[in-house]
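Working notes, beginning with the structure itself.
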Amino acid sequence: MIETACTWRDHDPDPATRAELTRLIEAADTGDPAAVADLDSRFRGPLTFGTAGLRGEVGAGETRMNVAVVVRATHGLARHLIDTVGSDARVVVGCDARHGSDDFLDATAEVLAAQGLTVMTLPRRLPTPVTAYATRALDCDAGVMITASHNPSADNGYKVYLGGRATDSAGRGVQIVPPADEQIATFIDAAPPADQIARDPAAVVALDETILDAYIARTASLRPGDEPSTVRVVLTPMHGVGGTTALAVLRAAGVGDVHVVDVQSAPDPDFPTVAFPNPEEPGALDRALELARDVDAHVVVALDPDADRCSVATPTEDGWRQLTGDEIGWLLGEQAARDPGRGGDTLACSIVSSRLLAKIAAHHGLRSAATLTGFKWIARTPDLRFGYEEAIGYCTDPDAVRDKDGISAMVRVVSLVEELAADGRTLVDLLDDLARRHGLHATAPLTIRVDDLAELGQMMDRLRSTPIDALAGSAIVEVLDLAGGSGDLPPTDALVLRTAADDRVIVRPSGTEPKLKCYLEVVLDCAGGEIPHARAAQRLQAISADVAALLRG
């Protein structure tokens with residue numbers, strides 16, 4: 001292991017990570033057990049190029065995010081583009097404000113340029129949706145975004161979109177899927193050591209803010225009407241890069257009464273006021289909700305650090321309520337279904353999201369689709385009008401951004417709040433309408449974190465081999481193993497369980513984190529107009545307990 005580490009260090013072009021590795025190698029060479037274990041974790045195999053690209057902890061070594069890894073990954077991407085498109089391929093590159101993002105952007109752009117490609121860099125510290133927008137708007141064959149989205153502060157990532165001539169029309173500006181990711185990974189494996197890969201900073205084209213201005217204008221136009229909005233908004237960018245762009249969009253849309261959580265407004269890669277920079281995490285919205293109470297806001301919008309996700313809270317008679325990802329998806333899906341001016345006739349969501357969206361689509365005479373998890377699949381849906389995943393990701397303007405976009409979702413939510421308020425109604429009122437029409441769909445997550453990734457496979461094997469008769473007292477009527485694919489779905493490591501009461505549980509390993517994720521849904525009739533929230537919560541709790549017991553053996 002020490003020999004492997006020394007070879008890597010000797011070819012690392014970054015002095016900082018070279019020095020980091022040297023210190024670790026010297027300590028391991030003396031027999032320091034902590035150093036030996038640390039070194040082993042950094043060289044147990046290369047960082048895998050998979051779901052959309054790369055993601056991992058920033059640091060030295062082949063399993064970490066660093067300049068050497070980015071240089072070799074970019075060389076692989078360049079060779080793939082030259083192989084599939086030609087040497088005149090066009091690429092746009094953006095980055096957020098995480099640790100290492102500036103250096104990784106420079107490395108990416110300079111390696112692509114040295115391979116003879118046309119390379120454009122966006123202004124620094126912009127949201128991921130701007131890169132997705134630019135990939136389509138600039139007719140690029142690929143886009144690269146340096147970000148780890150809502151991962152912990154120690155992480156960074158490398159996200160790839162294909163567009164132009166590098167994919168078909170349905171995938172233009174969408175995150176990569178097989179076999180492109182596998183082909184790029186093969187080129188990465190064959191890449192030379194990082195210090196032997198050429199870089200050409202002089203050939204990189206630095207874009208001005210024209211493309212950002214175009215994104216702002218397009219996204220602001222999603223709010224109907226020209227009159228100033230009466231909606232009072234509390235916004236938190238969660239220490240990420242979405243704040244400035246989101247404020248510019250709201251101003252351009254005529255939404256002027258906006259209050260930003262000051263201590264979370266500026267980009268800070270350490271995310272000092274939150275334990276985990278994900279708006280879904282408990283406590284993440286505490287400061288935003290406190291501000292909302294102080295200013296008597298009509299809605300709270302929380303963006304994740306790269307602003308591709310959006311969470312929402314709304315006032316109720318009992319205080320502020322943070323909506324689930326599915327609830328926001330239903331609201332935006334209903335809004336999209338009612339809007340005849342939008343293109344496309346299909347509402348889509350991932351298989352782990354609620355089944356209610358399909359009922360909304362059918363009610364309005366539209367088509368629906370359920371895809372594998374992730375926007376690399378959702379955004380490929382033909383004739384897409386609206387798409388969402390339960391992890392607070394929403395595609396509300398697919399002609400412009402073929403990915404989840406927290407800022408455009410924010411505009412849609414504010415517009416919906418405004419529309420409902422004109423009739424003296426709220427987001428909760430619309431949710432109640434949907435429950436009375438289609439039944440109460442209640443969803444909840446169950447997450448089991450592990451220290452060893454091998455445990456994920458063991459738990460999935462246990463679930464597949466264990467006969468399951470019932471959940472929460474209702475007989476199992478269907479067990480669907482998606483490992484071999486099903487219908488229109490390609491193979492994926494997931495199990496679907498459905499009960500006679502129409503409860504549904506989907507279990508799958510996370511694609512980005514060391515945890516097993518379970519998605520629970522119950523459907524209850526709302527006879528007489530009463531909405532049985534308490535009964536639904538109790539049933540979800542019972543199902544969660546049964547599933548946890550099965551997984552833990």
Side-chain angles (χ1 to χ4, degrees), residues 129 149-150 219 222-223 231 233-238 242 246 278-282 284-285 288-289 292 297-304 307-316 320-339 342 347-350 352-361 368 373-375 378-379 384-398 401 403-421 425-435 438 440-445 519 521 533:
S149 192
H150 59 283
T219 309
L222 302 182
R223 174 182 174 253
V231 176
V233 181
V234 162
L235 171 69
T236 174
M238 204 68 64
N278 182 349
E280 291 184 291
E281 290 291 316
L285 264 61
L289 295 176
H298 300 118
V299 66
V300 167
V301 175
L303 302 174
D304 76 336
D308 67 346
R309 300 176 192 240
C310 167
S311 188
V312 174
T314 186
T316 72
W320 280 86
R321 170 181 162 188
Q322 184 175 1
L323 303 181
T324 68
D326 278 314
E327 288 174 329
I328 301 168
W330 305 333
L331 291 168
L332 294 177
E334 175 71 12
Q335 180 192 46
R338 291 179 178 181
D339 185 354
R342 299 200 201 182
L347 308 184
C349 64
S350 60
V352 300
S353 302
S354 169
R355 292 165 287 175
L356 178 53
L357 188 70
K359 297 179 182 178
I360 291 171
S368 63
T373 305
F375 263 86
I378 296 169
L384 182 65
R385 179 181 295 194
F386 166 75
Y388 94 93
E389 61 183 2
E390 50 74 42
I392 59 172
Y394 311 96
C395 179
T396 73
D397 186 19
V401 176
D403 197 6
K404 54 187 176 293
D405 182 349
I407 296 176
S408 66
M410 170 192 69
V411 174
R412 298 289 196 191
V413 167
V414 171
S415 300
L416 185 57
V417 170
E418 187 173 16
E419 174 193 337
L420 291 167
R425 288 161 46 77
T426 68
L427 297 178
V428 172
D429 291 328
L430 181 53
L431 287 173
D432 288 347
D433 288 348
L434 294 173
H438 303 294
L440 173 62
H441 290 61
T443 61
Y519 307 83
E521 181 175 37
H533 290 291

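We use all heavy atoms of the structure for the numbers below, so side chains are in, but hydrogens, waters and symmetry mates are not. We number each residue from 1, following the sequence as shown.
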Report summary line: Smallest heavy-atom separation, P315 atom then H298 atom, equals CD-O, 3.3 Å
Query raised in the report: Can you tell me how far SG of C349 sits from CZ of F386, rounded to the nearest 0.5 angstrom?
Result: 9.0 Å
Query raised in the report: Do the side chains of S149 and D304 get nearer than 4.5 Å, heavy atoms only?
Result: yes
Requested in this report: Go through the structure and list residues passing salt bridge (Lys or Arg N to Asp or Glu O under 4.0 Å) with D308, not counting sequence neighbours.
Outcome: K159, K404
Requested in this report: Could you grab the distance from atom CG of D405 to atom CZ of R309, nearest 0.5 Å is fine?
Outcome: 12.5 Å
Query raised in the report: Looking at Y394 and C310, what are the two nearest heavy atoms and their distance?
Result: CE1-O, 3.4 Å
Query raised in the report: In terms of ring plane angle, is the pair H441 and W330 parallel, tilted or perpendicular, where the classes change at 30° and 60°?
Result: perpendicular
Query raised in the report: Does the side chain of V299 reach to within under 4.5 Å of the side chain of V233, using non-hydrogen atoms?
Result: yes
Requested in this report: Working to the nearest 0.5 Å, report the span between CD of E327 and CG of L434.
Outcome: 10.5 Å
Query raised in the report: Between T219 and D397, does any side-chain donor sit less than 3.5 Å from a side-chain acceptor?
Result: no
**Report entry** D433 vs R425 side-chain heavy atoms within contact, under 4.5 Å
**Finding:** yes
**Report entry** Sequence-distant partners of E418, salt bridge (Lys or Arg N to Asp or Glu O under 4.0 Å), two or more places apart
**Finding:** R223
Report summary line: Minimal heavy-atom distance between A337 and I360, with the atoms involved, is CB-CG2, 4.3 Å
Query - For L323, the option from L431, I392, V413 that meets side-chain contact (heavy atoms from CB on, under 4.5 Å) - result: L431
Report summary line: Closest heavy-atom pair, T236 versus A288, reported as atoms and distance to 0.1 Å, is CG2-CB, 4.0 Å
Report summary line: Heavy atoms of Q322 and S311 approach each other most closely as NE2-OG, 2.9 Å
Query raised in the report: For T426, does its backbone N or O pair with a side-chain atom of D429 as donor and acceptor, under 3.5 Å?
Result: yes
**Report entry** Considering all heavy atoms, the nearest L384-C395 contact
**Finding:** CD2-SG, 4.2 Å
Report task. Check whether any side-chain N or O of R412 sits under 3.5 Å from a backbone N or O of T396 as a donor-acceptor pair, and report yes or no. Result -> yes
**Report entry** Gap separating the OG atom of S350 from the CD atom of E390, nearest 0.5 angstrom
**Finding:** 6.0 Å
Query raised in the report: Is there a side-chain contact between H150 and L303 (heavy atoms, below 4.5 Å)?
Result: no
Query raised in the report: H438: what forms a ring-ring contact (aromatic ring centres under 6.0 Å, His included) with it, not counting sequence neighbours?
Result: H363
Query raised in the report: Could you state the interatomic distance from OH (Y388) to OG (S353), rounded to the nearest 0.5 Å?
Result: 4.5 Å
Query raised in the report: Out of curiosity, T324 OG1 to E280 CD, how far, rounded to the nearest 0.5 Å?
Result: 9.0 Å
